Chemist: 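Can you read through this structure? Questions will come right after.
A quick note: this is a predicted structure, and the numbers were derived from the prediction, not measured. Counting starts at 1 for both ligands and their atoms, following the listed order.
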Amino acid sequence: MKTIVFDSKPYDREYLQSAVGSSQVDWNFQESRLTPETAKIADGSQAVCIFVNDLADRPTLQSLAKQGVRLVALRCAGFNNVDLVAAKELGLSIVRVPAYSPHAVAEHTVGLLMTLNRKIHRAYNRVRELNFSINGLVGFDIFGKTIGIIGTGRIGQITAQIFRGFGANVIAYDPFPNSTWANTYGVRYTSLDDLFSQSDVLSLHLPLTPETKHLINSTTLARTKRGVYLVNTSRGKLIETTALIAAIKTGQVGGVALDVYEEEEGVFFHDLSGIVPQDQELSQLLIFPNVLITSHQAFLTQEALSEIARVTVENLLRFHRQEAFLEGTSL
Ligand code: NAD
């Protein structure tokens with residue numbers, strides 16, 4: 001089963017090659033992202049394996065199909081980067097890893113908020129310079145604060161549960177509420193408007209779709225509490241960056257923790273340390289003292305990587321043997 005892995009990193013190689021059955025896959029690991037241009041290097045492969053910032057739009061899928069590719073295996077949950085209609089028309093099968101470790105993402109979400117709020121990243125740098133002053137490092141207790149969770153699927157639920165452990169008041173919005181879960185953990189569903197107006201911290205855990213793109217914009221930000229903290233570990237395009245920067249400047253938003261960014265493609269996952277930054281909005285966010293950014297690493301735990309590799313290899317082999325894919329993985 002000849003499989004080309006786009007946007008692959010050393011950890012992808014390590015975990016995919018260690019998964020059960022991996023030796024039956026003929027791997028071709030490539031560092032380049034999948035784009036209409038790089039699709040050409042898939043020639044001779046039956047499957048391509050892609051990640052969040054690879055582009056599987058119609059022209060790319062057409063190119064892949066023309067070269068004999070039959071399967072696109074996403075090694076992630078989100079599939080907003082794949083044109084599913086085009087894939088169907090071209091006879092390409094698409095699989096993903098729907099749930100690898102929701103704990104990994106939820107725990108990173110809470111870690112980001114705690115780092116930002118208690119200014120641990122700034123304290124770390126100070127102490128290393130033998131600056132033991134704690135001026136300017138005042139944070140707030142999570143206990144008793146209202147945390148608004150938007151999207152109570154796998155990751156949103158675990159994030160909410162962790163915040164309940166802090167003694168926070170957790171409110172949530174989801175078009176498909178799960179009242180049994182909410183009652184079990186003492187979470188209260190509200191309308192989106194109420195969630196915006198009541199939350200001290202907003203945490204995004206919903207998928208990116210045409211409807212949810214720019215959910216956080218100048219109108220919704222104007223409805224929030226003044227000084228609200230915003231955490232996004234879901235997808236960058238859920239937030240309109242220009243509006244966010246304006247709201248940080250006025251103090252409407254008091255703190256922002258991001259693991260994803262609207263224009264992260266071609267930036268996140270790459271070492272650009274010797275290169276002049278080209279994205280002015282990202283540069284601006286990076287110099288704000290109340291913004292903390294990680295480079296789409298919320299998923300990056302041993303458990304998540306093992307599960308991603310297990311499901312991906314299993315599906316590649318099932319496709320080769322013409323068996324049904326693992327439940328819930330086929331799109
Ligand atoms: P999920 O499918 O289990 O849950 C998503 C929830 O969002 C569902 O309950 C759905 O009903 C809800 N939803 C849909 N539209 C909504 C709307 N308009 N408003 C509010 N809620 C809405 O997904 P998940 O596994 O919990 O993943 C959540 C997000 O995390 C996704 O965007 C995914 O791409 C992202 N993610 C990020 C990383 C990372 O490394 N940063 C890793 C995995 C997943």
Chemist: At what distance is the nearest protein heavy atom to atom 28 (C) of ligand 1, and which residue and atom is it?
Modeler: H205 O, 3.5 Å

Chemist: Holding to side-chain hydrogen bond (donor to acceptor under 3.5 Å, both in side chains), I want the full list of residues that pass it with S101, two or more places apart in sequence or in another chain.
Modeler: none

Chemist: In this structure, which one of K66, Q62, R58 forms a side-chain contact (heavy atoms from CB on, under 4.5 Å) with L90?
Modeler: Q62

Chemist: Among P175, S234, A104, G236, which residue places a heavy atom closest to atom 35 (C) of ligand 1?
Modeler: S234

Chemist: Can you confirm, on distance only, whether ligand 1 has an N/O atom lying under 3.5 Å from any N/O atom belonging to V105?
Modeler: no

Chemist: Please determine if L206 has a nitrogen or oxygen closer than 3.5 Å to a nitrogen or oxygen of ligand 1.
Modeler: yes

Chemist: Name the closest protein heavy atom to atom 42 (C) of ligand 1, giving the residue it belongs to and the distance to 0.1 Å.
Modeler: Y100 OH, 3.1 Å

Chemist: In the protein, what heavy atom is nearest to atom 23 (O) of ligand 1, and what distance, to one decimal place, separates them?
Modeler: R154 NH2, 4.4 Å

Chemist: Which residue supplies the protein heavy atom nearest to atom 9 (O) of ligand 1, what is that atom called, and how far is it?
Modeler: D174 OD2, 2.6 Å

Chemist: For atom 14 (C) of ligand 1, which protein heavy atom lies nearest, and how many Å away is it?
Modeler: P207 CD, 3.6 Å

Chemist: What do you reckon, does T212 have a nitrogen or oxygen under 3.5 Å from a nitrogen or oxygen of ligand 1?
Modeler: no

Chemist: What part of T152, side chain, backbone, both or neither, has a heavy atom within less than 4.0 angstrom of ligand 1?
Modeler: backbone

Chemist: Hey, is H296 touching ligand 1 through its side chain, its backbone, both or neither, going by heavy atoms under 4.0 Å?
Modeler: side chain

Chemist: I want to know if ligand 1 touches R235 in the polar sense, i.e. an N/O pair below 3.5 angstrom.
Modeler: yes

Chemist: Looking at ligand 1, does A77 have a heavy atom less than 4.0 Å from it?
Modeler: no

Chemist: Show me the pairs that pass ring pair (Phe, Tyr, Trp, His ring centres under 6.0 Å) and involve residues 105-141, at least two apart or across chains.
Modeler: F140-Y229

Chemist: Taking the side chain as every heavy atom from C-beta outward, state whether V97 and T329 have any atom pair closer than 4.5 Å.
Modeler: no

Chemist: Can you tell me the protein heavy atom closest to atom 19 (N) of ligand 1 and the distance?
Modeler: Y173 CE2, 3.4 Å

Chemist: Looking only at distances, please establish whether an N/O atom of ligand 1 is found under 3.5 Å from an N/O atom of I155.
Modeler: yes

Chemist: Which ligand 1 atoms are under 4.0 Å away from a heavy-atom of I150?
Modeler: 20 (C)

